[in-house]
There are 2 protein chains.
Amino acid sequence: MGWQAVQDEVRARISRRVWKPGALIPHEAELARELGCARATVNRALRGLAEAGLLERRRKAGTRVALTPFRRAEFTIPLIRDEIEGRGQRFGCQVLSRVLRAPPPEVQARMEGGDAPILYLAALYTADNAPYVCEDRWINTHAIPAALEADFTAISPNEWLVREVPFDGGDFTLSALAADAGLAERLDCAAGSGLLVLDRRTWHAGQVITSVRLVFHPGYRMHSQT
Amino acid sequence: MGWQAVQDEVRARISRRVWKPGALIPHEAELARELGCARATVNRALRGLAEAGLLERRRKAGTRVALTPFRRAEFTIPLIRDEIEGRGQRFGCQVLSRVLRAPPPEVQARMEGGDAPILYLAALYTADNAPYVCEDRWINTHAIPAALEADFTAISPNEWLVREVPFDGGDFTLSALAADAGLAERLDCAAGSGLLVLDRRTWHAGQVITSVRLVFHPGYRMHSQT
DNA sequence: TCCTGTTTTATGTATGTACATAATAGTGAG
DNA sequence: CTCACTATTATGTACATACATAAAACAGGA
């Protein structure tokens, strides 16, 4: 029995409630004997299920079925160009604004960089010329001076950064917003529409490289499976 | 060198661009020799980084640094009670409605169950008596007849289902909505507020068990890190 | 040139063994 | 009874070895 088969068997037993939520399951050595494989194989299978949140494991205490499984969800952050072209539509990007300016207080807080002027970019991404998502981006020009020279009409800010700048992590939040007059115009939608908002920060070597807010067109959805 | 140390070393080399995006990295056996450990250890480390999206691996072709890392994001679906009590607020749940009725077409499509009447529940979750999130839930009573007898005043629908019903997967979408008059009243907010919406489906044995829409109070945010 | 079948190679998986580690369970002294 | 120490035990990790598998690279023939 390979580790995938062991996983399937364990999943099935949990699903059929042979092993109930919160219950202790047999230890690795016993499962290995029962299923006719090495303990390493069982370990591989159970470790995977624990990472998926289906099991909870502790040394000596053993392995038990999670009380609330499927709480962890994974989704892939959209690469806007791929998302649009993947549906057979034509991708477009217009840079609406590009200035050096002092960030507003909430951006200062997010970027932890004080009130020195940094690069601000406003862009609109379109699918078949229809507004798809608008982007407000702040770039830490102290960490990335090259951003001052980059030509963001030839390549989108996001693609330039991904290509040119190393980074090693980030965080983001999802929220909702009602379209004010300015957003309604940029996204060509009714004022007051509910809009999905993604705020993202990207890090490298302990510094915030860039902070970006994406406001999606009305009706946009993010999907995920568990 | 343990597998964690190997991971750290590889992360560092990617971060410092010793290995650039898209580039091939040395194969496992060579890394094992260089770092002074067994191939299995290197395999464990690299497999983890590939799962995290930092590397791309293919048999025979080798391992290369991902062009767009950090596209995968994981977050934990909130357990409403925990989320509220975790902030030191008082959790509350009122069931506003509970009827057997034919689901509207979009719910029929989501539940793949036709137009036979099923159980509909509307509830409001509160934090310190302030509306926190409102829930519209449909329960497949053919799969879960016990739901017809359950007392959802003593326990929230969500908690009852998690406790009583086995399930083995689900999916969800995140979107945004402008509050209409009804939602504004339920959530005690201004009509037209932008609201975050989570639509979730839960499966067991090939059937949709329950479909639920959560509409969060204005200003609600979901967080994640990569 | 193009197709086809063969070789080569890097990753993927399985196994037995050994030891490390964390945390429970048990023991004994006070 | 309580505290401190010890033994036990299930998981965690490391390693050497072996074989499986996918896919690129190569060779040979039409």
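None of the values given here were measured: they were computed from a predicted structure. Every chain is numbered from 1, with letters handed out A, B, ... down the list of sequences.
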*asked:* Output the rounded distance in Å from CZ (A/R47) to C1' (D/dT13).
replied: 9 Å

*Distance, rounded to the nearest Å, where B/R64 contributes CZ and D/dA24 contributes P*: 11 Å

*Using atom NE2 of A/H27 as one end and atom C1' of D/dT8 as the other, report the distance to the nearest whole Å.*
13 Å

*Look at A/N43 and D/dG12 and indicate whether a side-chain polar atom (N or O) is within less than 4.0 Å of OP1 or OP2.*
yes

*Starting at the 5' end of DNA chain C, which residue's closest nucleotide do you reach first, B/E28 or A/C37?*
B/E28

_A/T68 and B/L79: CA distance, side-chain angles, deciding distance, side-chain contact (heavy atoms from CB on, under 4.5 Å) verdict_ = CA-CA 9 Å; A/T68 57; B/L79 269 191; 4.0 Å; yes

*asked:* Side-chain N or O of B/R44 versus OP1/OP2 of D/dT13: is the shortest distance under 4.0 Å?
replied: yes

*Nearest-Å distance, CG (A/L46) to P (C/dA14)?*
13 Å

_Separation of C/dC19 P from A/K60 NZ (nearest whole Å)_ = 21 Å

*asked:* Using whole Å, what does the distance between atom P of nucleotide D/dA20 and atom CD of A/Q4 come to?
replied: 18 Å

*Name the closest nucleotide to the A/R58 side chain, picking from C/dT11, C/dT24, C/dA14.*
C/dT24

_Aromatic contact between B/F75 and A/F75, with the criterion being ring centroids under 6.0 Å apart: yes or no?_
yes

*Ignoring backbone atoms, establish whether B/T63 has a side-chain N or O less than 4.0 Å from OP1 or OP2 of C/dT11.*
yes

_Please report the distance, rounded to the nearest Å, between CZ in A/R57 and P in D/dA10._
12 Å

*Taking CG from B/L24 and C1' from C/dA10, how many angstroms apart are they, rounded to a whole number?*
10 Å

*Within the structure, does a side-chain N or O atom of A/T41 lie under 4.0 Å from either OP1 or OP2 of C/dT15?*
yes

*Compare all side-chain heavy atoms of B/V212 with those of B/R201 and state whether any distance is below 4.5 angstrom.*
no

*asked:* Keeping B/E135 on the side-chain end and B/A122 on the backbone end, is there a donor-acceptor pair under 3.5 Å?
replied: no

_Closest-nucleotide 5' rank along DNA chain C - winner of B/A61 and A/M1_ = B/A61

*Lys/Arg-Asp/Glu bridge criterion (N-O < 4.0 Å) met for B/R39, B/E28*: yes

_Does B/R39 reach a base, just sugar-phosphate, or nothing at all? Heavy atoms under 4.0 Å._
base

